[in-house]
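Below is one structure, written out as structure tokens; the observations come after it.
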2 protein chains.
Amino acid sequence: MPMRLQTESGPFRRLRLDKRAPTPAYAQIADAVGGLLRSGALPPGYPLPPERVLCDQFGVSRMTLRQAMGILEREGLILSHRGKGTFVAHDRLKKQQQELRGFTEEILARGGKPESRLLSFRQVAPPAAAREFFAMAQGENLYEIRRIRLSGGVPLTLETVQLCERLCPRLEQFDLEKNSLYRILERSYGLRLGSCVEEISAELPAAEHRRHLDLPRGVAILTIHRNTYTDSGLPLELTKSAYRGDLYSAIVHSVRRQRTGGK
Amino acid sequence: MPMRLQTESGPFRRLRLDKRAPTPAYAQIADAVGGLLRSGALPPGYPLPPERVLCDQFGVSRMTLRQAMGILEREGLILSHRGKGTFVAHDRLKKQQQELRGFTEEILARGGKPESRLLSFRQVAPPAAAREFFAMAQGENLYEIRRIRLSGGVPLTLETVQLCERLCPRLEQFDLEKNSLYRILERSYGLRLGSCVEEISAELPAAEHRRHLDLPRGVAILTIHRNTYTDSGLPLELTKSAYRGDLYSAIVHSVRRQRTGGK
DNA sequence: CTAGATCATTGGTCTAGACATTTGGCGCCC
DNA sequence: GGGCGCCAAATGTCTAGACCAATGATCTAG
């Protein structure tokens with residue numbers, strides 16, 4: 001007897017697709033299947049229905065379905081093997097792209113309760129480093145924001161942000177103790193954050209750190225310099241953060257460079 | 001007069017494709033175009049020929065060409081806009097995936113001259129943390145390698161690596177002062193590195209650090225705990241590194257999570 | 001009982017089209 | 001001169017197939 005054709009899609013049976021929606025079919029499929037996988041309802045190694053079966057179910061052609069599967073595979077949610085099938089990947093395989101987050105988002109993601117205390121908000125003449133980074137013309141101004149950032153009421157970092165006034169004029173109208181700066185930039189100025197480069201280093205505490213961070217003895221400072229760009233590559237923000245070394249550490253996900261691979 | 005159809009592919013004119021080669025057409029195209037872009041010969045914003053022109057030139061269908069373009073777009077080498085065209089992206093836009101590297105590779109990439117001094121190479125009973133990470137059975141052993149790692153003759157970090165003997169038996173036959181551990185794992189054991197998670201923190205120097213790292217006064221320690229996995233998600237290596245804070249900092253690239261997007 | 005051939009099933013690649021949507025230049029009309 | 005609409009060109013999405021290559025179950029010959 002030939003190998004039985006798999007027709008029972010099991011947990012995938014109920015997934016559907018709205019052909020009238022403006023979102024493309026492949027995105028809907030990737031969202032639907034991806035959501036099911038991320039829910040953790042299926043154990044690693046659990047087989048997905050064959051592509052041709054899913055095509056029937058969603059009512060799309062195979063190329064469209066494979067566009068969705070490609071997204072899921074790049075995210076590390078599934079693993080495909082020619083001749084065998086496609087399977088739910090192990091959790092550890094999830095390709096965690098290093099994610100750009102502001103302090104507020106980062107602390108929320110870690111289960112903390114972010115707060116801010118504004119130390120100063122000034123317009124300053126740009127130092128050379130900032131002038132070069134932002135490609136500033138003569139006479140352009142820089143916003144400089146200094147804040148203590150807390151989690152659960154404990155001072156965690158002393159942060160200095162520099163922003164080019166050209167990109168976010170009248171920034172002073174916002175309350176930077178109550179609002180996430182990144183949210184303001186995205187929502188109110190339509191600046192879509194794109195990427196950043198951080199340099200993470202270790203230092204001994206200086207007087208300034210002791211003054212603001214309530215440092216116990218025997219604690220070092222984790223310093224992060226961040227250069228942020230918009231999604232179109234425009235220099236957006238320059239940040240220096242001094243974290244309490246005993247309360248904060250940076251988590252970094254890396255992947256091995258591989259062959260350019262399929263999908 | 002209608003808008004002139006672009007037929008001059010300019011710098012792209014000479015790119016060709018070997019239909020008999022075993023590598024898929026889309027990979028060849030991505031390599032060829034990607035190589036031209038990475039060479040820096042074209043300025044940011046320079047327009048690529050329309051997809052249909054490239055299809056003709058390479059002799060492939062549009063879906064195949066778009067598979068190649070999708071790779072380049074995900075790498076951040078090009079930017080596409082519906083209705084306008086496809087353009088060379090700005091350098092800053094290149095999606096630098098955080099890359100997993102061993103010390104040797106990292107120092108070479110930074111233009112240094114990596115060396116190692118072996119402090120100890122032992123088989124030890126696994127501590128609880130390692131037993132859990134490697135999912136070790138009773139009686140299994142752990143390799144523990146302690147090395148001073150230098151760049152240009154200067155001690156840079158004190159590194160302790162733990163490896164599960166099951167995955168790389170008879171590791172003691174290799175000279176770990178002369179060979180990159182990652183190279184050994186890949187070449188001699190066929191273990192393909194996949195990804196890692198690092199926790200980066202700051203500490204004050206301990207006696208051990210002073211003893212081995214030749215520390216000047218006023219220097220903190222940058223500590224990196226690394227959990228490494230193979231490309232199939234198998235736990236491979238557990239490393240703790242203590243870097244001289246004045247000589248080393250970690251560079252991290254991050255990108256903003258976006259809509260699942262096309263291609 | 002085993003080694004090898006067969007073959008259906010699977011994902012990987014590719015084609016030759018189609019229609020949709022966005023953009024921007026051009027010409028027309030006021 | 002200044003809008004406004006048309007339309008060609010461009011990318012985005014999708015189809016309904018095709019063939020290839022790897023896998024592994026089954027069948028068959030020894």
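Letters go in sequence order (proteins before strands), and every chain restarts at 1. Here the structure is a predicted model, which is why all the values come from computation and not from measurement. Heavy atoms only: backbone and side chains are in, while hydrogens, waters and symmetry mates are out.
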Legend entry - Qualifying residues under side chain to side chain donor-acceptor pair (under 3.5 Å), relative to A:Ser254, sequence neighbours excluded: none
Legend entry - Residues that B:Phe58 engages under ring pair (Phe, Tyr, Trp, His ring centres under 6.0 Å), provided they are two or more places apart: none
Distances for protein N/O vs nucleotides 19-22 of chain C N/O pairs under 3.5 angstrom?
residue: C:dT21; atom: O4'; partner: B:Arg82; partner atom: NH1; Å: 2.9

Legend entry - Listed nucleotide nearest any side-chain atom of B:Val60, set D:dC14, C:dT15, C:dG12: C:dT15
Legend entry - Value in whole Å for how far the P atom of C:dG12 lies from CD of A:Gln67: 15 Å
Legend entry - Of the listed nucleotides C:dA16, C:dG11, D:dT15, the one nearest the side chain of A:Pro50: C:dG11
Inset, instruction - May I ask you to evaluate whether A:Ser80 reaches the phosphate of C:dT10, defined as a side-chain N or O under 4.0 Å from OP1 or OP2? - result: no
Legend entry - Most 5' of A:Lys19 and B:His81 on DNA chain D, judged by nearest nucleotide: B:His81
Legend entry - Distance in angstrom units between A:Arg66 CZ and C:dT10 C1', rounded: 11 Å
Inset, instruction - Please report, rounded to the nearest Å, how far the P atom of D:dA8 is from the CD atom of B:Glu51. - result: 20 Å
Inset, instruction - Would you please name every residue forming a side chain to side chain donor-acceptor pair (under 3.5 Å) with A:Arg82, sequence neighbours left out? - result: none
Inset, instruction - Mind calculating the distance between CG (A:Leu48) and C1' (C:dG11) to the nearest angstrom? - result: 12 Å
Inset, instruction - Examine C:dT15: is either OP1 or OP2 under 4.0 Å from a nitrogen or oxygen in the side chain of B:Thr64? Give yes or no. - result: yes
Inset, instruction - Check the distance between C:dA18's C1' and A:Met63's CE and give it to me in whole angstrom. - result: 15 Å
Inset, instruction - Could you work out which one of D:dA10, D:dC14, C:dT15 sits closest to the side chain of A:Ala25? - result: D:dC14
Legend entry - N/O (side chain, B:Ser61) to phosphate O (OP1/OP2, C:dT15) under 4.0 Å: yes
Inset, instruction - Select from B:Gly85 and A:Leu65 the residue whose nearest nucleotide in DNA chain D is closer to the 5' end of that strand. - result: B:Gly85
Inset, instruction - Could you tell me the separation between the CG atom of B:Leu54 and the C1' atom of C:dC14, rounded to a whole number of Å? - result: 17 Å
Inset, instruction - Please round to the nearest 0.5 Å and tell me the distance separating atom CG of B:Leu167 and atom OH of B:Tyr143. - result: 11.0 Å
Legend entry - Rounded distance (Å) that lies between atom C1' of D:dG24 and atom CZ of A:Phe87: 11 Å
Inset, instruction - Starting at atom CD1 of A:Ile78, determine the distance to atom C1' of C:dG12, rounded to an integer number of angstrom. - result: 13 Å
Legend entry - Distance below 4.0 Å between B:Tyr26 side-chain N/O and C:dT13 OP1 or OP2: yes
Inset, instruction - List in chain and number order the residues that pass side chain to side chain donor-acceptor pair (under 3.5 Å) with B:Glu106, two or more places apart in sequence or in another chain; answer none if no residue qualifies. - result: B:Arg101, B:Arg110
Legend entry - Distance, nearest 0.5 Å, that separates CZ of B:Arg66 from CD1 of B:Ile29: 13.0 Å
Inset, instruction - Just jot down the side chain to side chain donor-acceptor pair (under 3.5 Å) partners of A:Ser180, sequence neighbours excluded, or say none. - result: none
